[in-house]
Amino acid sequence: MPPRRLFAALCFAIAAAASLSAQTGRLVSGPMLGYQTHREVLIWVETADAQAVRLTYHPAGHPADLLSVTASDLSLTPAGTQIVKFVLPLLEMGQTYSYALAIDDELVTLPYGLSFKTTAPWEWRSPPPDFSFLFGSCAYFNDTPYDRPGTPYGAGTGIFQHMAKSGADFMLWGGDNLYLRESDWSSVSGIWYRYSKDRSTPDLQPLLAAMPHYATWDDHDFGPNNSNASYEFKHVTLEAFQTYWGNRTYGEPDNPGVYGKFQWGDAAFFLLDNRYHRDESETDPQWIARKTQYGRQQLDWLRQHLISLKEGNNARHSPIRFIVTGGQFLSDRVYPSSEGHSRYPAERDEILEIIRTHQIPGVIFLSGDVHYTELARRTDLLPYPLYELTSSPLSSGAHSRTLHEDASRVEGTAVQTQNYCKVAISGPPADRVITITCFDKTNKQLWQQVIRANDLKWPAP
């Protein structure tokens, strides 16, 4: 090659290499706030084609106290994206922090601010803080090439914008947080595609950044409809779920699953896994002596935690206990395709017996799955009224048939359209009040109910 052409070729190669190196990765979804504690928080980010992601943060109003952490050598998921979980340690308690993201040294700009707040040390120092959280389930995100023909099953995603502006302290996802399709659950890459595609929904992003998020799952983010422990890719969906959510823990070292516990204010939250160890719901209980949704070890885990909350300082600081599970707990109705605890009578009785035997106060169940919302109240199971809030759906199709009569349903709380619930806990330590408000997808208030914590106590001997 003549020298002039060789020189030109070298210049072109250098320019091409420089151009390639100048390209930066991009933000796919997030940032999302994960778990929050007194001195540690998790911030989740999904990127593509990034060489490095940097997070800088500082106490609000003190930009000179800037701290920085960088993630590099990013591995690819089967969906071709990169997941980064920044765990920020040794933070100041009760402090608000501002933060920013940069991908390959390019600052990420968003139409909303980025901040988080650590837990304030109220224990032994002050009354429990007032707080609120959002609760919902069944989020379907339309994806035309992979959806059923005809009318889309998803009912729009605008509800998530309203939720982002709710002022709640955190969001609790009750399962079916996405819907795996036939084209998804049949392969590893399909599962990871669905998790990545739905997480990147634009209307979801402000909510992800607005507050911490905690989640459990149900059948549709675990596998096929009404799936159980036999699902052949359950280890894949478990990994995808753990990757895409920011819970503090998942299962136990010797017992896989998404179950875990966290504390917020004076309330303890138990996120149960009703899928990974599940016996088929259609199985006759007479054929399986211990027909289960949770498996023996998870039930023992729940038992030990509930008992420990009765003891000394635990009882003082955690008088309210929310048990979160995918299917309905209190309903006695059994109908085709039903997935609630009525199909697992021995296991439900065991959970109730744990509460009775150890006189556990302050229990409220939270569930989803059924594509309608209701508040149930039963007075025949414990010495105090046992409540269950079912909240569904967020954005999937709603239950359109006439609901069966149910004596436990609190009048006026049945909702058969897209909705979410906000649960607020407030008042002095001796008279905490739990206020539940239901909103539709336009943010119109549909109903409100008040539960007094003093009504959830065991009778004095």
## Note on the structure
Taken in chain and number order and not counting sequence neighbours, the residues that satisfy side chain to side chain donor-acceptor pair (under 3.5 Å) with E40 are Y35

Can you give the donor-acceptor pairs under 3.5 Å from side chains of residues 189-197 to other protein atoms, not counting sequence neighbours?
from: Y193; atom 1: OH; to: D143; atom 2: OD2; distance (Å): 2.7
from: R194; atom 1: NE; to: D184; atom 2: OD2; distance (Å): 2.7
from: R194; atom 1: NH1; to: D143; atom 2: OD2; distance (Å): 3.1
from: R194; atom 1: NH1; to: D198; atom 2: OD1; distance (Å): 3.0
from: R194; atom 1: NH2; to: D143; atom 2: OD2; distance (Å): 3.2
from: R194; atom 1: NH2; to: D184; atom 2: OD2; distance (Å): 3.4
from: Y195; atom 1: OH; to: D221; atom 2: O; distance (Å): 2.7
from: S196; atom 1: OG; to: E46; atom 2: OE2; distance (Å): 2.8

## Note on the structure
Those residues at least two apart in sequence (or on a different chain) that pass salt bridge (Lys or Arg N to Asp or Glu O under 4.0 Å) with R296 are D300, E350

### Query
Hey, is the main chain of A424 close enough, under 3.5 Å, to the side chain of S132 for a donor-acceptor pair?
no

### Message
If the condition is salt bridge (Lys or Arg N to Asp or Glu O under 4.0 Å), which residues does D369 pass it with, not counting sequence neighbours?
### Response
none

### Query
Looking just at side-chain N and O atoms, do Q161 and D203 make a donor-acceptor pair shorter than 3.5 Å?
yes

### Query
Are side-chain N/O atoms of S396 and H371 paired as donor and acceptor at under 3.5 Å?
yes

#### Entry: Within-4.5 Å side-chain heavy-atom neighbours: L272 and Y294
yes

### Query
When rounded to the nearest 0.5 angstrom, what distance separates OH in Y372 from SG in C138?
11.5 Å

### Query
Is the backbone N or O of Y179 less than 3.5 Å from a side-chain atom of R181, with the two atoms forming a donor-acceptor pair by type?
yes

### Message
Whether the side chain of R275 engages the backbone of S227 through a donor-acceptor N/O pair (distance < 3.5 Å, no angle test) should be reported.
### Response
yes

### Message
For a quick test of reading the model, state the closest non-hydrogen atom pair linking L91 to L88 and the distance between them.
### Response
CD1-O, 3.5 Å

#### Entry: Straight-line distance of I355 CD1 to L306 CG, nearest 0.5 Å
6.5 Å

#### Entry: Step-by-step ring-ring contact (aromatic ring centres under 6.0 Å, His included) determination, F141 to F160
CA-CA 12 Å; F141 304 90; F160 300 112; 5.8 Å; yes

### Query
Is atom NZ of K165 surrounded by more than 12 heavy atoms (other residues, nucleotides or ligands) closer than 6.0 Å?
no

### Query
Is it true that R377 and E411 make a salt bridge, defined as a side-chain N closer than 4.0 Å to a carboxylate O?
no

### Task
Quick one: do T437 and Q445 satisfy side chain to side chain donor-acceptor pair (under 3.5 Å)? Show the steps, please.
CA-CA 7 Å; T437 310; Q445 180 174 318; 5.2 Å; no

### Message
Under a 3.5 Å distance rule, please check whether S115 uses its side chain to pair with a backbone N or O of S98 as donor and acceptor.
### Response
no

### Message
Just verifying a value: how many Å separate D169 CG and W264 CH2, rounded to the nearest 0.5 Å?
### Response
5.5 Å

### Task
Indicate, with yes or no, if the rings of H317 and W122 have centres closer together than 6.0 Å.
yes

### Query
With a 6.0 Å cut-off on ring centres, are F262 and F322 close enough?
no

### Message
Strictly distance-based, threshold 3.5 Å: is any side-chain N or O of R321 a donor or acceptor partner for the main-chain N or O of I364?
### Response
no

### Message
Under a 3.5 Å cutoff, is there a donor and acceptor pairing between the side chains of T37 and T119?
### Response
no

#### Entry: Selection residues 425-444 - residue pairs positive for salt bridge (Lys or Arg N to Asp or Glu O under 4.0 Å), sequence neighbours left out
D130-R432, D266-R432, D431-R452

#### Entry: Sidechain-backbone polar pair: N419 side chain, T417 backbone, donor-acceptor under 3.5 Å
yes

### Message
Is the shortest side-chain heavy-atom distance between P121 and R125 below 4.5 Å?
### Response
yes

### Task
Begin with the C-alpha distance, continue with both residues' side-chain angles, and end with the deciding distance and a verdict on side chain to side chain donor-acceptor pair (under 3.5 Å) for E106 and T24.
CA-CA 7 Å; E106 290 288 333; T24 60; 5.6 Å; no

### Query
Hey, is the main chain of M211 close enough, under 3.5 Å, to the side chain of H213 for a donor-acceptor pair?
yes

### Message
For K117, I'd like to know if atom NZ has over 12 heavy atoms of other residues, nucleotides or ligands within 6.0 Å.
### Response
no

### Task
Answer yes or no: is there a donor N or O on one side and an acceptor on the other, between the side chain of Y231 and the main chain of W185, under 3.5 Å?
yes

### Summary
Residue set satisfying side chain to side chain donor-acceptor pair (under 3.5 Å) with T118, at least two apart, ordered chain then number -> none

### Query
From R26 CZ over to D49 CG, what is the distance, rounded to the nearest 0.5 angstrom?
6.5 Å

#### Entry: Heavy-atom closest pair, residues A215 and N177
CB-ND2, 4.1 Å

### Message
I'd like to check V258 versus L271 (side-chain heavy atoms, cut-off strictly below 4.5 Å). Are they in contact?
### Response
no

### Query
Donor-acceptor pair, Q263 side chain versus G265 backbone, under 3.5 Å?
yes

### With W301 via side chain to side chain donor-acceptor pair (under 3.5 Å) - residues at least two apart
H305

Taking only distance into account, with no hydrogens and no angle test, what donor-acceptor pairs under 3.5 Å do side-chain atoms of residues 52-74 form with protein atoms, sequence neighbours excluded?
from: R54; atom 1: NH1; to: D105; atom 2: OD1; distance (Å): 3.0

### Query
Which residues satisfy the side-chain contact (heavy atoms from CB on, under 4.5 Å) test with H162, sequence neighbours excluded?
N443

### Message
Would Q418 and S395 count as a side chain to side chain donor-acceptor pair (under 3.5 Å) here? Give the steps.
### Response
CA-CA 6 Å; Q418 291 71 33; S395 64; over 6 Å; no

### Side chain E388, main chain F329, donor-acceptor under 3.5 Å
yes

### Query
Mind checking what makes ring-ring contact (aromatic ring centres under 6.0 Å, His included) contact with Y97, not counting sequence neighbours?
F116

### Message
If you define the side chain from C-beta out and look only at heavy atoms, does anything of N274 sit under 4.5 Å from D218?
### Response
yes

### Query
With F135, which residues qualify under ring-ring contact (aromatic ring centres under 6.0 Å, His included), at least two apart?
none

### Query
So, W245 versus W44, ring centres under 6.0 angstrom or not?
no

### Query
When you look at Q242 and N247, which way does the side chain to side chain donor-acceptor pair (under 3.5 Å) test go after all the steps?
CA-CA 8 Å; Q242 292 172 331; N247 294 354; over 6 Å; no

#### Entry: Whether F233 and H235 hold their rings parallel, tilted or perpendicular, with breakpoints at 30° and 60°
tilted

### Task
Verify salt bridge (charged side-chain N to carboxylate O under 4.0 Å, His left out) between R278 and E347, making sure each step is shown before the conclusion.
CA-CA 12 Å; R278 183 189 191 94; E347 187 171 67; over 6 Å; no

### Gap separating the CG atom of D273 from the CG atom of N255, nearest 0.5 angstrom
9.0 Å

### Summary
Sequence neighbours excluded, the answer for side chain to side chain donor-acceptor pair (under 3.5 Å) partners of Q359 is none

### Query
Roughly how far, to the nearest 0.5 Å, is OG of S392 from CD of E374?
10.5 Å

### Query
Looking at Y214 versus F269, is the centre-to-centre ring distance below 6.0 Å?
no

